[in-house]
2 protein chains.
Amino acid sequence: MVFQSRFPVFAVTADIVALTLRQGRLCVLLIRRSSSVFTGRWALPGGFVHVDESLEEAAYRELGEEAGLGADAVRLEQLRAYGDPGRDPRPERVVSIAWLALGADLPDPTPGTDADLAEWVPVGDALDRHLAFDHTQILRDGLERARAKLEYTTIATAFCEPTFTLPDLRRVYEAVWDTQLDPRNFQRKILGADGFVEETGEVIRGRGNPAKVYRAGPARTLHPPILRR
Amino acid sequence: MVFQSRFPVFAVTADIVALTLRQGRLCVLLIRRSSSVFTGRWALPGGFVHVDESLEEAAYRELGEEAGLGADAVRLEQLRAYGDPGRDPRPERVVSIAWLALGADLPDPTPGTDADLAEWVPVGDALDRHLAFDHTQILRDGLERARAKLEYTTIATAFCEPTFTLPDLRRVYEAVWDTQLDPRNFQRKILGADGFVEETGEVIRGRGNPAKVYRAGPARTLHPPILRR
DNA sequence: TGAATAGTGTCTCTTAGACAGTATCAC
DNA sequence: GTGATACTGTCTAAGAGACACTATTCA
């Protein structure tokens, strides 16, 4: 099939930096490419945007096709566009719209049509894997965006199940920022931020003292922010 | 001329939210369209990305072609991509990469090939003009990005000449945030932020007490940030 | 009963905000 | 001299960080 246009022709892809916590570690979803260029190399999941779908729909579709992740499992946010000539070795000019997808302890992925393997990789390891295209740079940008968003927004709850405890939420901050936080100061800040979390009234019993259960509140931004050191 | 591709075909445009201060007011560059769709409507400057130039080069080129602005006059930063089907009435699918361009008191623009008028418009007026395409939304996003960046980065200096006084810099914050700031507290914060500004050792004499002259320092981010109320 | 986990309060220091008067210069 | 502009410091309040012990539960 051949497509035509009156204007300079571009292909547009959606590439996704999907982040989740597994065993307390921040992990990114990588696929091993089994088709077209960069065969056998690790890459971010993604693919071509169809002409009749929105950029966001394409990102959701690729998450489903390449990793078996449902749209309800993640929160999507646009990162930026990458479009340098030569960033894709194919003769067509390819512009990638990169997305950040955040989810709670996501299931092991199911490889799709363009990948023979898909797995969650701790972000430190992923940065060492010499990803295909400019995906290492996209991953770096996505990580920095996620780290910054934890300061100014309530997006940390996207890494949690619908209900969670404050130690759960603290572990999100600790994993994404790769640091340790004081539990007392952390609780004071979270509970002092109007609308960040709401008590459900329940407690969860684990190995020690029962923990209060919360759900995400209506606030989307944090005033004042919770800053990294 | 007809272009062809193996992949779904997109056209890619660069649209620019160019902001500057004129007489102490935050203004955005608008053009009145004289070609193809939305003829006669006000819009952000922009145009199609060529197949052999980077997205950023296209933004600089369009600023030159449509408004006569040189690349050295502005600081460019990518905003995000806009690509909903139907955002452009032409049959081709058009994805726009939007950019923020910040500059010091920029000259009156020179209309280019696709515009019969180009002018700096106070942002409040621009938001009321029912811009072409989804440009009102892009403008809103650009303004919010600029306002947020003033908190966490040293980008305010992009609105200043190479050398400037602290009252100049304060007027940037006041115009972009549409608020009044206490000069004493402002100076304390700016001078307390390592690497934000450097003294040149000169003073500028105006109508009153001479003001110390500064230039932008090496810092690009602010720790801690200078927060809006 | 021992180990693991979560809950809670105070003190200190830093930062943020409110606030007024003096010095310089152009006209 | 008058008006305009820029410079400077203190006090108070709020927020951030450091810090230790108790309560509950499971094994």
Side-chain angles (χ1 to χ4, degrees), chain A residues 21 23-24 150-152 156 160-161 163-175 177 179-215 219 221-229, chain B residues 21 23-24 150-152 156 160-161 163-175 177 179-215 219 221-229:
Chain A
L21 260 59
Q23 290 107 36
L150 255 57
E151 296 189 297
Y152 311 122
C160 295
E161 304 290 343
T163 63
F164 52 86
T165 66
L166 289 188
D168 289 338
L169 190 63
R170 178 166 47 84
R171 280 185 281 269
V172 170
Y173 276 86
E174 291 179 331
W177 285 351
T179 186
Q180 294 276 105
L181 298 174
D182 182 277
R184 290 161 292 187
N185 293 337
F186 182 78
Q187 293 212 6
R188 171 157 41 87
K189 290 186 196 184
I190 301 298
L191 298 178
D194 279 350
F196 194 164
V197 297
E198 297 172 343
E199 276 193 50
T200 64
E202 303 180 345
V203 297
I204 191 168
R205 293 165 194 284
R207 310 214 52 184
N209 201 356
K212 286 185 189 171
V213 175
Y214 296 83
R215 62 174 153 262
T221 60
L222 286 177
H223 304 284
I226 297 174
L227 299 174
R228 290 174 275 185
R229 296 295 316 265
Chain B
L21 260 60
Q23 290 108 37
L150 255 55
E151 296 189 298
Y152 312 122
C160 296
E161 304 290 343
T163 63
F164 51 87
T165 67
L166 289 187
D168 289 338
L169 191 62
R170 177 165 49 84
R171 280 186 280 270
V172 169
Y173 276 86
E174 291 178 333
W177 285 351
T179 185
Q180 294 276 105
L181 297 174
D182 182 278
R184 291 162 292 188
N185 293 337
F186 182 78
Q187 292 212 6
R188 171 156 42 86
K189 290 186 196 182
I190 301 298
L191 297 178
D194 278 352
F196 194 162
V197 298
E198 298 173 342
E199 277 193 49
T200 64
E202 301 179 348
V203 297
I204 190 167
R205 291 162 197 284
R207 311 213 52 182
N209 200 358
K212 287 185 188 170
V213 176
Y214 297 83
R215 61 174 153 261
T221 60
L222 286 178
H223 304 284
I226 297 174
L227 299 175
R228 289 173 276 185
R229 295 295 316 265

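So that the names make sense, note that chain A is the first sequence line, chain B the second, and so on, each numbered from 1.
What you find for B:Arg188 and B:Asn185 is that their closest heavy atoms are NH2-OD1, 2.7 Å. The shortest non-hydrogen separation linking A:Leu222 to A:Ala193 is CD2-CB, 3.8 Å. The two residues B:Leu166 and B:Phe186 come nearest to each other via the heavy atoms O-CE2, 3.8 Å. The nearest pair of heavy atoms linking B:Gly24 to B:Ala175 is O-CB, 3.5 Å. Pairing each heavy atom of B:Ile226 with each of B:Trp177, the nearest pair is O-CH2, 3.3 Å.
Atom CD in B:Glu151 sits about 18 Å away from atom P in C:dT15, given to the nearest Å. Rounded to whole Å, atom C1' of D:dC21 lies 9 Å from atom CZ of A:Arg184. Here the P atom of nucleotide C:dT5 and the CG atom of A:Asp168 are 12 Å apart, to the nearest Å. C:dT15 atom P lies 11 Å from atom CG of B:Asp194, rounded to whole Å. Atoms CD (A:Glu202) and P (C:dG7) sit 15 Å apart, rounded to a whole Å. For the pair B:Gln180 CD and C:dG17 C1', the interatomic distance rounds to 16 Å; values are reported in whole Å. Distance, B:Gln187 CD to D:dT8 P: 6 Å, rounded to whole Å. For the pair A:Leu181 CG and D:dA18 P, the interatomic distance rounds to 11 Å; values are reported in whole Å.
Judged by distance alone, with hydrogens and angles left aside, the side-chain atoms of A:Tyr173 form a donor-acceptor pair with the main-chain N or O of A:Leu150 at under 3.5 Å.
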Atom pairs and distances, side-chain donor-acceptor, residues 203-215 of chain B, under 3.5 Å, sequence neighbours left out:
| unit_1 | atom_1 | unit_2 | atom_2 | d |
| --- | --- | --- | --- | --- |
| B:Arg215 | NE | B:Glu198 | OE1 | 3.2 |

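Annotation: of the two residues near DNA chain D, A:Asp182 and B:Pro167, the 5′-most nearest-nucleotide partner is B:Pro167. Between B:Asn185 and B:Arg170, the residue whose closest nucleotide on DNA chain D is further toward the 5' end is B:Arg170.
Summarising the geometry, atom CZ belonging to A:Arg171 is positioned 12.0 Å from atom CG belonging to A:Leu181; distances are rounded to the nearest 0.5 Å. Between the OH atom of A:Tyr152 and the CG atom of A:Leu227 there is a distance of 6.0 Å, given to the nearest 0.5 Å.
Near-neighbour residues of DNA chain D inside residues 205-213 of chain A, defined by a heavy atom below 4.0 Å, number-ordered: A:Arg205, A:Gly206, A:Arg207, A:Gly208, A:Asn209, A:Pro210. Near DNA chain D, meaning a heavy atom under 4.0 Å away, there are no residues from residues 222-229 of chain B.
Nearest to the side chain of A:Lys189, among D:dA16, C:dA18, D:dA18, sits D:dA16.
When the side-chain nitrogen and oxygen atoms of B:Arg171 are compared with OP1 and OP2 of D:dA6, one or more of them lie within a distance under 4.0 Å. The shortest distance between the side-chain N/O atoms of A:Arg188 and the OP1/OP2 oxygens of D:dA18 is not below 4.0 Å.
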